[in-house]
Amino acid sequence: MGPLDHHDVLRLILAVAVVLAVGKLFGEAFRKMRQAAVVGEIVAGVLLGPTLLGALFPETFAFLFPAEGPAAHALDGFVQLAVVLLLLAVGLEVNLGATLQYGKAASLSTLFGMAIPFALGFGAARFIPELVGAGEFDPVFGFYLGAALSVSALPVVARTLVDLNLFKTRLGSATVASAMANDFVGWLVFSVFLTVASPDASSDGVWWKIAATLGFVFVALFVARPIFRRLLPLARRELSWPGGVLGAVVVVGLIGAYLAELAGAHAVFGAFIAGVALGDSAELDERTREIIQHFITNIFAPLFFVNIGLRLDFGQAFDPLVAVVIIGIASFGKIFGAGAGARLGGFDRHDSLAVGFAMNSRGVLEIVLTLYAVRLGVAGDSVFAAVVTLVVLGSVTSGPLIRYALAKKRKERPALAALSPKRVAFLGADSVEEILRALSDSAAPAAGLHAQTIYEEALRREREAPTGLGAKAALPHARLDVRRPVVALARLERGVDFGALDGEPARVVVFLVAPRSKPELHIELLAAYAKSFADDTLVERLLAASSKDEFFDLFADVCQARN
Amino acid sequence: MQGFCRTFLTFFIRYSTALAPTSSDAEKSVKTVIFAQQLGAPMDRETRFHKIGAAIGSSPASAALLAESARIARLYDAELVALHVGEQTADKEARNLEVASSAPRFSARYLEGDPAKALERAAAKAKLDLLVFGALERENVLKRYAGSVARTLMRRAARSTLTLVDPANRPGPFRAVCVSVEFDARGERALLLAADLAKRESVERLCLVREIEAPGFAVAVQDAGSIAEAERVREEWLRDECEKTRLFALEAGLRADAFETVALFGGKGKEVAEYVKRSGADLLVVPAPARTYGVLDRLFPHDVERLFEALPCSLLLVKPT
């Protein structure tokens with residue numbers, strides 16, 4: 001390849017500008033529709049590629065994105081750099097310690113969530129190769145297909161969980177930990193695949209390369225990582241922030257990529273492991289991570305994802321049968337596998353299904369794996385088109401599917417499950433003691449305790465410190481030996497002083513009996529009910545309710561909405 | 001969110017006016033004693049130590065550690081057992097007796113063999129409920145992987161452990177105590193124990209620290225497209241956790257004005273270590289993990305393992321009874 005002449009430079013600049021502009025435009029548009037930006041960027045690429053622009057305006061397409069020549073090579077170089085930096089960014093967020101913390105659920109979800117789709121993918125390549133875009137059985141293709149179908153996309157999973165307010169929950173944390181482990185194992189598998197699929201791979205050479213890859217991982221995680229942990233605070237102190245630290249991280253990533261190539265692994269794998277070695281350190285604080293993520297994924301991600309569409313004539317390459325089979329076995333294997341792993345790890349059936357749906361989010365890894373598979377001649381364009389479709393569908397559907405899985409669970413959330421329309425009373429009582437006695441009588445059957453036991457504990461607690469919330473609400477409670485929390489609601493005909501700071505007598509009372517052995521649940525419930533009363537209009541609406549059923553429905557709806 | 005905070009604030013400010021100090025309290029040192037008397041943590045058997053062991057050798061630092069252990073034993077009116085790793089000699093006996101003479105009840109055992117194993121065995125045999133030992137503030141790479149005596153004991157001991165950092169130069173009493181809060185039974189016990197100790201020591205400050213770790217959050221932020229939005233979500237989480245921590249402490253029996261709360265976002269263990277360093281606390285109380293940590297936890301450190309590395313101040317690791 002000769003040097004870029006003036007014309008080539010202009011074409012390159014224009015191509016990069018168009019790719020970034022259209023990619024960002026579509027990415028932002030999809031983001032506004034609460035979808036992953038990657039989906040928009042892939043769509044942008046398809047539209048800019050031979051599928052649309054190339055078909056309608058072939059000369060413009062050929063001018064912007066030549067197939068050959070220095071400008072094409074230079075653009076390809078940008079894309080290679082983009083994928084390396086993208087993988088550095090992905091690696092930065094892998095926290096292997098988190099997987100250990102959520103050990104059983106995360107590990108089993110990862111194990112089954114990868115093993116089952118891998119087996120299905122390999123099995124499909126073995127027994128029905130023509131239906132998955134291969135002419136006959138090729139073990140290397142089987143390995144690729146199994147690997148491609150078994151991986152998930154951490155960014156999409158994480159974003160979906162934040163949107164659904166599940167990120168900080170046990171379900172969210174275990175799912176993210178599983179996605180991280182999934183990423184780590186997936187990239188290891190990718191590296192092995194590249195070694196195996198390389199045209200110059202011999203049986204001895206393959207084992208040496210695998211050993212070199214594992215050696216690279218070992219050195220990165222157990223030698224380089226502790227060194228980074230010491231150096232990162234120094235970088236934070238001595239270099240400018242965020243520019244200096246950002247530059248240092250990028251340099252480390254690029255050097256990691258280079259060293260990985262020297263060791264016989266692949267540059268993208270090296271960048272990923274460098275990211276893991278850097279990012280696993282708590283010294284890289286949250287703000288710095290966010291800025292690094294923003295920088296890399298807002299500039300380099302569009303370059304990469306749009307480029308996918310530029311290479312693919314979707315109209316010609318797309319085979320509906322191949323796409324349906326691949327998407328079907330990928331989705332079934334992932335949802336079933338990850339869900340079964342979560343169930344074995346201790347989650348209930350709703351949460352397990354939600355984990356399965358979350359882990360079916362797809363992204364960078366599938367696409368990079370498939371790109372390399374196509375380049376090495378292992379997979380064809382129909383498989384590429386199917387995998388791109390899988391990525392788009394998986395990302396778009398994961399959020400709604402998780403909501404569906406948890407819809408019934410929401411009604412079973414402790415804050416709602418503790419409520420019952422049978423435990424609503426409209427009372428004419430005039431004292432705290434009378435009210436607590438009436439509510440204790442109401443809660444006793446469900447709590448499985450004597451009403452007197454509940455009353456005495458509630459009264460003791462009330463005398464320790466009054467439970468008036470203010471704004472005419474009160475939240476008396478007792479911690480007793482009950483299996484599940486029980487709540488009784490009351491509307492008072494006349495206000496009763498529960499010692500609220502604003503001096504307002506209470507007209508609405510939420511009485512909670514919580515398990516003594518679960519202080520965390522007790523706190524969650526108190527916080528949940530108090531949060532419901534953050535709605536200033538709630539008490540007035542409850543006072544205006546014409547029946548106990550209406551009163552209950554109103555309170556339950558607000559409780560659900562607020563929590 | 002504002003309404004939620006307002007509701008909680010009014011709810012819990014109420015606690016602070018429930019019981020005012022008596023006039024006799026006002027005659028004493030205003031800040032510390034009124035604070036201590038208003039702590040209100042129950043003097044429950046479970047929050048006391050009855051038999052304390054001090055792991056010592058023959059160095060000058062050991063003498064300081066033994067003296068500090070004797071002081072803590074006096075606080076609890078507890079028996080003190082010196083677990084001396086090394087040969088028993090008359091000199092050592094006399095020295096130990098002299099240093100620990102202020103402890104209510106004192107005895108010494110002399111141990112042989114691997115220090116960590118010998119100490120564990122002796123502590124189990126003596127039925128200790130607290131084991132005190134010293135530690136370097138930072139350890140080198142080999143010690144981190146291989147495990148020092150202090151770390152081994154912290155990880156494996158079946159009883160609460162108190163790791164004193166540099167007792168020769170930082171003798172007690174403790175002035176500022178931080179507690180890492182977990183909303184479960186372990187966390188409740190650690191909190192009650194810390195509050196009880198704070199009361200006995202008449203500390204100036206008791207700070208409850210709640211950490212939120214959210215691995216992968218930066219990736220979610222990147223996909224959501226807005227750092228400002230991430231900041232908003234983070235602030236909301238921190239406010240929620242701060243209020244829940246306050247609620248947790250009040251439900252455990254502490255008075256509202258007896259403690260302060262702070263919520264931190266970031267790597268668990270690391271954030272509280274940084275906070276303790278910044279705030280100048282001299283004791284950090286942490287509930288022990290629910291499971292025993294092994295080699296993998298050392299290779300990929302998280303929460304308590306990070307504290308073992310950083311050790312910002314003396315560390316009381318509370319195990320369940």
Side-chain angles (χ1 to χ4, degrees), chain A residues 28 31 36-37 89-90 92-93 95-98 100-101 154-159 161-162 167-168 173 176-177 179-180 222 226 280 282-283 285-286 289-294 297 465-471 479 499-502 517-520 522-524 526-527 530-531 533-536, chain B residues 1-11 13-15 17-18 141 144-145 182-185 187-188 212-225 227 230 233-234 237 240 243-244 247-248 250-253 265-271 291 296-297 299-303 305-306:
Chain A
E28 293 297 328
R31 211 174 256 151
V90 171
L92 282 174
E93 288 315 302
N95 183 331
L96 297 172
L100 286 174
Q101 276 189 287
L154 173 60
V156 181
V157 172
R159 167 73 194 284
L161 293 170
V162 169
F167 197 88
K168 244 173 13 97
S173 302
V176 167
M180 287 178 180
F222 303 121
D280 205 43
E283 305 298 342
D285 62 64
E286 210 61 36
R289 284 171 198 272
E290 286 163 17
I291 286 166
I292 293 170
Q293 290 288 340
H294 259 254
T297 55
T467 58
L469 290 177
R479 270 173 73 183
L501 200 65
D502 63 2
S517 61
K518 294 180 184 173
E520 69 275 21
H522 182 216
I523 297 303
E524 289 291 336
L526 286 178
K531 216 170 179 176
F533 286 105
D535 178 350
D536 289 339
Chain B
M1 192 62 224
Q2 280 182 348
F4 171 65
C5 289
R6 193 176 59 240
T7 303
F8 261 98
L9 204 57
T10 54
F11 183 41
I13 283 172
R14 185 69 184 84
Y15 278 87
T17 61
V141 171
R144 192 168 64 76
Y145 283 128
E182 296 291 339
F183 296 150
D184 56 20
E188 194 172 38
I212 312 169
E213 186 168 35
F217 184 66
V219 169
V221 166
Q222 157 256 312
D223 206 69
I227 287 182
V233 169
R234 206 175 13 246
W237 286 351
D240 264 354
E243 292 303 329
K244 280 186 195 167
L247 176 58
F248 185 72
L250 290 165
E251 289 301 312
F265 192 96
K268 233 174 170 182
K270 182 235 168 197
E271 291 302 322
R291 59 175 177 85
L296 279 179
D297 299 286
L299 293 175
F300 303 103
H302 53 94
D303 53 43
E305 280 290 338
R306 288 192 189 125

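Protein chains get the first letters and strands the later ones, always in sequence-line order, with residue 1 at the start of each. When reading the values below, keep in mind they use all heavy atoms of this one structure, side chains included, and skip hydrogens, waters and symmetry mates.
Heavy-atom minimum distance, B:D240 versus A:K531: OD2-NZ, 3.4 Å. The two residues B:D184 and A:P519 make their nearest non-hydrogen contact at C-CG, 3.4 Å.
Counting heavy atoms from C-beta on, the side chains of B:E188 and A:H522 never come closer than 4.5 Å.
To the nearest 0.5 angstrom, B:K244 atom NZ is 3.5 Å from A:E524 atom CD.
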